[in-house]
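Input: a single structure, listed below in structure tokens.
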Amino acid sequence: QYCQNLCYIAKLFLDHKTLYFDVDPFLFYVLCEVDERGYHPVGYYSKEKYSDVGYNLACILTFPSHQRKGYGRFLIAFSYELSKKE
């Protein structure tokens, strides 16, 4: 349910976001900031577990309050590096 809620939040900010009620075919990677109060999500990306065409991203979102900090670039770079290992 956590991943499905991430999709709902993304839909608030991404006009072209398609909502899937079944999130099982996707892997979700959540980026967090950490401070003395704990972990705070700042963005995420998802990818299909099994992509016929080899896409490494299905959806990417940096929450608006955390944009312009380089998190989006980091998530994209991380997704490419992870794809090389798979």
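Nothing fancy with the numbering, it's 1 onward along the sequence.
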Inset, instruction - Determine whether Y44 and C32 make a side-chain contact, defined as any pair of heavy atoms from C-beta on separated by less than 4.5 Å. - result: no
Inset, instruction - Locate the shortest heavy-atom distance separating F63 from P41; write the atom from each residue and the value. - result: CD1-O, 3.5 Å
Inset, instruction - Would you give the length of the straight line joining atom OH of Y39 to atom CD of E33, rounded to the nearest 0.5 angstrom? - result: 13.0 Å
Legend entry - Shortest non-hydrogen separation from F13 to I9 and the atoms involved: CD1-O, 3.3 Å
Legend entry - From SG (C59) to NZ (K47), nearest 0.5 Å: 14.5 Å
Inset, instruction - Determine yes or no for a side-chain-to-main-chain donor-acceptor pair under 3.5 angstrom, with D35 supplying the side chain and G38 the backbone. - result: yes
Legend entry - Validation row: H40, V34 side chains within 4.5 angstrom (heavy atoms): no
Legend entry - OG on S46 to CZ on F26, rounded to 0.5 Å: 6.0 Å
Legend entry - Distance (rounded to the nearest 0.5 Å) between L61 CG and C7 SG: 10.0 Å
Inset, instruction - May I ask you to decide if H66's main-chain N or O and T62's side chain share a donor-acceptor pair within less than 3.5 Å? - result: no
Legend entry - Linked hydrophobic residues, V42 as query - side chain contacts closer than 4.5 Å: L27, Y29, L31, Y45, L57, I60, Y71, F74, L75, I76, F78, Y80, L82
